[in-house]
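Input: a single structure, listed below in structure tokens.
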Amino acid sequence: MNFTKVLRTAVKSLALNPLRTFLTLLGIIIGVAAVIALMSVGSATTSSVTSRIQGLGTNLLVISPGQSVQNGVSQGLGTAQSLTDKDVAALQKLSVLSAVAPDQTSRAQVVYGSTNYQTVLEGSTPDLFSVRNLSLAAGRPFNLVEEQHAANVAVIGSTVAQNIFGNQSPVGKTIWINGLAFQVIGELTTQGSSGATNNDDRIIIPLTTLQNHFTGSTNPNVIYASAASGQDMTRAQQEVELTLRQSHGLSYTQSDDFVITNQSTLLDTLQGVTQTLQSFLGGIAGISLLVGGIGIMNIMLVSVTERTREIGLRKALGATRSAVLKQFLVESALVGLLGGVIGIAVGAVTASVLGRVMNTAVQVNVSAVWIAFVVSLVVGIGFGIYPAFRAARLSPINALRYE
Amino acid sequence: MSLLKLEGVSKCYDMAGEVFYAVKDVHVSVEPGDFVAIMGPSGSGKSTMMHLMGLLDTPTTGEVWIEDIPTSKLLERELAMLRNQKIGFVFQSFNLLPRTSALENVALPLWYAKVSDGEALSRAAAALRRVGLDPEAKGANHPNQLSGGQQQRVAIARALVTAPSLILADEPTGNLDSKATDDILALFQSLNDEGTTIVMVTHEEYVGKHAKRIIRFRDGRIESDEQVENRLRRMEVAQ
């Protein structure tokens, strides 16, 4: 029997029980669709977050205070108040850094006309704009003079501008922050969110102004620094660490009470997290493929039992064991393949719908498609082997006698 | 040379510790041109004989020869090839593949013999014509669109299509009415007249009387083996 004949026979026997065939396919379809959708959405999320992190600023070093420990319980990163303005002054003397921007944040109530709005108030030096790669959609950033004189000037994020001013231009307007009048001098271009933080929902004012009127403290929550060149990131990080250890008077037995992160470590962490997440989701999808495979095996066994007489007849007419084996294997491979192809289509549609909901550009992962295709074929054949083998081993006489 | 020869063939089953002989020490040979009816009451071993002759079952002891080929040492693959080329089967319940056209049912053994598609279909059409079915009119019909007699004709065409040495028929008229029974028996006689060797298992005296030779079984042994006097002859029904 040539292959087209075998294929036609398989199609015919699958078409004989359409509902049963569909339910068998469903197991594979769900598994494959899950793999395709999860891998596509996963890689889309990774690439969008990666590009955002790269957009945070080139050569960026982020220095945060370490964890404070109360009664032996760690309070989490950034809870200690270990960074001071002395540290900032020491860092500014380093030649490996091109700019240093101490940063404090607070929450603030903003009033403009009858509009009331809660947002994040961030205070920093003019260097922040270069260090964090912040560009302005309108107006200008504040300058050193304004920073030194603690001027009441504000650069607002696009979400804030949208919420307070609607479609009006915010530049030149006066807003009230916790009862103090501020002149809006600039608006940031939209950046989008990174993780849970919306980078557009904030107001940036000079650090001195924030310290004088809002926080009353000179300890920065975080220090942003730019390395002079991308090649010197490691050296810059080492020098920053050394300087801060000196400034904090740490002996060599004590560990750092601050944390330095740079883009590459951030990316590494992120990739680690997404890899774990993807392999976890892939594992779940794999389990559903396994269940689908068991479904194929189950139905093929039923099919072999039902068609025992037919198998006997074929053997009487001259079908060899391998011919019978081939017939049933092709049938189960076809189920796997069909389930795989439909599953890929369903997965691609699901991925694009999810992409629209999550507002990220989702591209169906081509390697995932190939993997799904091959895996579903392998599942079809793999779980078809035992039933096909049982069919092939039936003795013709027992098969013909079977009622 | 005999077409088929059984030498000291026994087939026994272990039934709850007790050995049961379905066929015991049978010697028989079938010559070219024979038309043999194997007869006997149910449980006499005639069906087991049929399976042994058709290489569907292997004897516990003894040897089955097909045209001077001893078959006891053959591999499953070689047995399948012998069944395909030397033997044509006709069953009581027709055993046609459902949802498959009559023509394709007939062509099935040729596909297993790896005959090309075009040749298989033209030989299948010729076989259908030989059993009195018009391949143009009935070839595309599925078995459930054919009468019992027509289905058995398709099955006989399938048995003929590989030009086997021997046709083995197991109660070929068991599921047919008397008119269709006569048609099928007439077809067997006319095939036999052309030289086809036929071995037919039946428990009906009337059917057996159409053969040239009757072998009677009782309790797994041959009770008698004789030529038929006053053989019933029927003209093959017009096609």
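None of these values were measured; they are calculated from a predicted model. Residue numbers begin at 1 in each chain, while the letters A, B, ... track the order of the sequences.
The candidate from K114(B), M81(B), E104(B) with the greatest count of non-hydrogen atom pairs under 4.5 Å with chain A is E104(B). No other option in I87(B), T162(B), T100(B), N95(B) has as many heavy-atom pairs under 4.5 Å with chain A as N95(B).
Looking at T4(A) and D117(B), their side chains never come closer than 4.5 Å, going by heavy atoms from C-beta outward.
Residues of residues 57-77 of chain B lying under 4.5 angstrom from chain A, judged on non-hydrogen atoms, are D57(B), E76(B), R77(B) by number.
When heavy atoms are compared at a cutoff of 4.5 Å, A323(A) approaches chain B solely by way of its side chain, counted from C-beta outward. Residue R307(A): no heavy atom, backbone or side chain, is found under 4.5 Å from chain B. Interface remark: Q85(B) contributes no atoms to any contact with chain A (heavy atom separation under 4.5 Å).
Counted within 6.0 Å of OH on Y386(A), heavy atoms from surrounding residues, nucleotides or ligands total 12 or fewer; the atom is thus considered open. In the displayed structure, Q363(A) atom CD is contacted under 6.0 Å by at most 12 heavy atoms of other residues, nucleotides or ligands. No more than 12 heavy atoms of other residues, nucleotides or ligands shown are found within 6.0 angstrom of CZ on R218(B). E194(B) CD: more than 12 foreign heavy atoms inside a 6.0 Å radius.
Of all heavy-atom pairs spanning G318(A) and Y112(B), the tightest one is O-CB, 4.0 Å. When every heavy atom of A319(A) is checked against every heavy atom of A80(B), the shortest pair comes out as O-CB, 3.8 Å.
Across L110(B), L108(B), V161(B), a single residue satisfies side chain to side chain contact (heavy atoms under 4.5 Å, CB included) together with L317(A), and that is L108(B).
To the nearest 0.5 Å, atoms CD1 (I397(A)) and OG1 (T48(B)) are separated by 7.5 Å. Atom CG of L400(A) is separated from atom OG of S47(B) by 11.0 Å, given to the nearest 0.5 angstrom.
With hydrogens and angles ignored, the 3.5 Å screen pairs a side-chain donor or acceptor of R83(B) with a backbone N or O of K315(A).
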